There are 2 protein chains.
Amino acid sequence: MARRGSYAKGVAKREEILTSALEVIAREGYGRASVRELAEAVGLSQAGLLHYFGTKEELFAAVLRKRDEADLARSEDETGTRSVFEGFRQTIGRNADVPGLIQLYVRLSAEATDAAHPAHAFFTERTRAFRETVAGDIRRMQAEGTARADVDAEQAAMLLLAAADGLQVQWLTDPTIDMAEHVATLLRLLEPPAAPADA
Amino acid sequence: MARRGSYAKGVAKREEILTSALEVIAREGYGRASVRELAEAVGLSQAGLLHYFGTKEELFAAVLRKRDEADLARSEDETGTRSVFEGFRQTIGRNADVPGLIQLYVRLSAEATDAAHPAHAFFTERTRAFRETVAGDIRRMQAEGTARADVDAEQAAMLLLAAADGLQVQWLTDPTIDMAEHVATLLRLLEPPAAPADA
DNA sequence: GTCTATATTGGGATAGAC
DNA sequence: GTCTATCCCAATATAGAC
């Protein structure tokens, strides 16, 4: 299919680089993850790595994109076995296993608030998609009576995302806090009021 | 009191620097706020400024500290005229007037998650104090029936802080979102269930 | 206390050979 | 595609004069 396999090889190499980068960042954190460091980890020179990703930021955005894909794939594997809320809570809980990645996410998202940042579009789109999906889920739950009806679904989705993001900053600062538990508390606030005892 | 006024002068100069830095950062954003830039704005050379604050990070932490003090002073001015929740909501709303400062806060807090960062202790202590104060307020409200009793006050305080932090990131990315409104929604979730009509 | 000048560093990007 | 070598830049930090 690919002529002389060169295109396919390039894609495979990119994947290899991203996987390796993911590991290094998870282990060493964002601060120590220079292009040089990431290049060495995958057995390339700095210039060699930049042949695949033009700039450092593009590389980092690609790392986060790949991680989102992995999370999504896992979620879909488990579709139907749990509620939307429960799935969200579990993803947050799993995050606590990869401090370096959380740091990448927190710091890159902070830097990418600047519209001129190469990863700005990535985060904008990610947020939009998240809000849309979660708001849809919440609306469905409201319709079937498993979520409070007196809250705007868009706003609830936004709050969920914001709280999750904010908790990650807190957790990086103090890893003893339980992100999943806090998220669970927020989700509980979104449950419909308990049915009266005589219902 | 101070011998030849030299000590008092140093303190005044520090204040002058901080005030100026606050303005520059609010206007130019975090990215463009180099020590040189901040020094020029207050009529000093870079080395001159660093005479007062040993390092860039110490300067930035001092800027945030000063801003917290200003917020606190304003809040205390208005004590008693509003509920704790309303005060919180209004502070968030005011934040939307100073994008540069929000950026400073978001980015510095992200960087300071690293325990070795010079501003780490500042954020740790700030978070602790916030949680303690807000949790206390919530407990009081629970006792008097103006907040849901079935939520842990510490967790609610944490969620409030996390949501506020996360919303700031979202807002920097897209300034059309209304932080205060979203916070208000969360606060509403913490209200006690409406009294039955026949109560 | 303040400046000028310089050291140092840390890294990203680029040119050109192989 | 990959490397070596180098460029280059932005900043902070520091030494030492005034």
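By convention in this document, chain letters (A, B, ...) are assigned in the order of the sequence lines, proteins followed by strands, and residues within each chain are numbered from 1. Only a predicted model underlies this, so the values are computations on that prediction, with no experimental measurement involved.
As a whole-Å value, the separation of Leu50(A) CG from dC7(D) P is 18 Å. Atom pair Glu111(B):CD and dT12(D):P shows a separation of 12 Å (rounding to whole Å applied). For Leu38(A) and dG10(C), the CG to C1' distance is 15 Å, given to the nearest whole Å. Summarising the geometry, the separation between CZ on Arg14(B) and C1' on dT2(C) is reported as 17 Å, rounded to the nearest angstrom. In this structure, the OH atom of Tyr7(A) is 16 Å from the C1' atom of dG1(D), given to the nearest Å. Distance CD (Glu40(B)) to P (dA10(D)): 14 Å, rounded to an integer number of Å. Residue His51(A) contributes atom NE2, which lies 18 Å from atom P of dG16(C) at whole-angstrom precision. For Ile17(B) and dT2(C), the CD1 to C1' distance is 11 Å, given to the nearest whole Å.
Here the nucleotide nearest the side chain of Lys56(B), chosen from dA13(D), dA15(D), dT2(C), is dA13(D). For Lys9(B), the listed nucleotide lying nearest its side chain is dT2(C); candidates were dT2(C), dG11(C), dT2(D). Across dT12(D), dG12(C), dT2(D), the shortest atom-to-atom separation from the side chain of Ser34(A) is found for dG12(C). Considering only the side chain of Val35(A), dG12(C) comes nearest among dA5(D), dG12(C), dG1(D). Proximity note for Leu44(B) (side chain, C-beta onward) versus dA13(C), dT2(C), dC3(D): the nearest is dT2(C). Distance from the side chain of Ala47(B) is smallest for dA5(C) among the nucleotides dT12(D), dT2(C), dA5(C).
Smallest separation of non-hydrogen atoms from Ala110(A) and Val106(B): CB-CG1, 3.6 Å.
The base of dG12(C) sits within donor-acceptor range of the side chain of Gln46(A), with an N or O pair under 3.5 Å.
Taking CZ of Phe60(A) as the reference point, atom CZ of Arg65(A) lies at 14.0 Å (rounded to 0.5 Å). Considering CZ of Arg107(B) and CG of Leu172(B), their distance stands at 10.0 Å, rounded to 0.5 Å.
Along DNA chain C, the nucleotide closest to Gly48(B) and the one closest to Gly31(A) are compared, and the more 5′ of them pairs with Gly48(B). Along DNA chain D, the nucleotide closest to Leu49(A) and the one closest to Arg36(A) are compared, and the more 5′ of them pairs with Leu49(A).
With respect to the salt-bridge test (charged N to carboxylate O, under 4.0 angstrom), the residues Glu69(A) and Lys66(A) do not qualify. A salt bridge between Arg89(B) and Glu181(B) is absent, with no side-chain N of the basic residue lying under 4.0 Å from a carboxylate O of the acidic one.
Residue contacts shown for Ser45(B) include a base, since a base heavy atom lies under 4.0 Å away.
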